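In what follows, a structure is listed as structure tokens, so that the remarks can point back to it.
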Amino acid sequence: QVQLVESGGGLVQAGGSLRLSCAASGRTFSSYTMGWFRQAPGKEREFVAHISWSGGIRYGGDSVKGRFTISRGNAKNTVNLEINSLKFEDTAVYYCAARTRDLGSSAESDYDYWGQGTQVTVSS
């Protein structure tokens, strides 16, 4: 089993920045992809970004491109998500996910492990 624990969420004013982190522990794999998803109130969960073990990065739709940056920690068992120029519509629960393949995907069903989520609330 792999445990994923997110941190860094909170209440922030529009225009501000936030850094979310996800730490993986438990069973280790030779290579895996880490992803971030988010779910706003009343909406379906959406793909935000992923980073593969080999470093391949992909971001979600236009709502996140240019403002979100995903990166791995030095130990590779952590993944960070920097969010700049926060908007009210970024308010959501942000989830970290792990896929036991070195192949990025934007599909929820491709991820094997999920964190509990961390709330990000942007005040206007």
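Quick note: numbers below take in every heavy atom, side chains included, and nothing from hydrogens, waters or symmetry partners. Keep in mind that this is a model prediction, so the values were computed, not measured.
Rounded to the nearest 0.5 Å, atoms CD (Gln39) and CD (Glu108) are 7.5 Å apart. Between Asp102 atom CG and Thr33 atom OG1 the span is 5.5 Å, to the nearest 0.5 Å. In this structure, CG on Asn77 lies 5.0 Å from OH on Tyr32, to the nearest 0.5 angstrom. Here the straight-line distance linking atom NZ of Lys43 with atom OG1 of Thr91 works out to 10.5 Å at 0.5 Å rounding. How far CD of Gln1 is from OG of Ser25: 11.0 Å, rounded to the nearest 0.5 Å.
At a threshold of 4.5 Å between side-chain heavy atoms, the hydrophobic network of Ile, Leu, Val, Met, Phe, Trp and Tyr places Trp53 and Ile51 in one connected group. Ile57 and Trp36 end up in the same hydrophobic cluster when Ile, Leu, Val, Met, Phe, Trp and Tyr side chains are linked at under 4.5 Å. When hydrophobic clusters are built by joining Ile, Leu, Val, Met, Phe, Trp and Tyr residues whose side-chain heavy atoms come closer than 4.5 Å, directly or via intermediates, Phe88 is not grouped with Val64. The hydrophobic clustering, which links ILVMFWY residues whose side-chain heavy atoms are closer than 4.5 Å, places Phe47 and Val79 apart.
In plain terms, the two heavy atoms of Leu81 and Ala49 that are nearest each other are CD1-CB, 4.5 Å. The nearest pair of heavy atoms linking Val2 to Ala24 is CG1-CB, 4.3 Å. The heavy-atom pair separating Asp90 from Arg67 by the smallest distance is OD2-NH1, 2.7 Å. For the residue pair Val12 and Ser17, the shortest heavy atom distance occurs at CG2-O, 4.0 Å.
Contact of the Tyr95 side chain with the Arg45 side chain is registered, since non-hydrogen atoms from C-beta on lie closer than 4.5 Å. Two residues are said to be in side-chain contact when any heavy atoms from C-beta on lie closer than 4.5 Å; Leu20 and Phe68 fail this criterion. Put simply, the side chain of Met34 reaches to within 4.5 Å of the side chain of Leu4, judged on heavy atoms. Between Glu89 and Ser63, every side-chain heavy-atom pair lies at or beyond the 4.5 Å cut-off. A heavy-atom distance below 4.5 Å is found between the side chains of Ser106 and Arg58. Two residues are said to be in side-chain contact when any heavy atoms from C-beta on lie closer than 4.5 Å; Thr100 and Tyr113 meet this criterion.
No side-chain donor-acceptor contact under 3.5 Å links Ser52 to the backbone of Gly104. No donor-acceptor pair under 3.5 Å is formed between the side chain of Glu82 and the backbone N or O of Thr69.
In this structure, the side-chain contact (heavy atoms from CB on, under 4.5 Å) partners of Ser105, at least two apart in sequence or on a different chain, are Arg99, Ala107, Asp110, Tyr111. By the ring-ring contact (aromatic ring centres under 6.0 Å, His included) test, Tyr59 is found to be paired with no residue, residues two or more places apart in sequence or in another chain being considered.
Ring-plane geometry between Phe37 and Trp114 is classed as tilted, the angle between the planes lying from 30 to 60 degrees on a 0 to 90 degree scale.
Around CZ of Arg72, the count of heavy atoms belonging to other residues, nucleotides or ligands within 6.0 Å exceeds 12.
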Show me the donor-acceptor pairs within less than 3.5 Å that the side chains of residues 115-124 make with the rest of the protein, sequence neighbours left out.
residue, atom, partner, partner atom, Å
Thr118, OG1, Gly9, N, 3.2
Gln119, NE2, Ala92, O, 3.4
Gln119, NE2, Thr121, OG1, 3.3

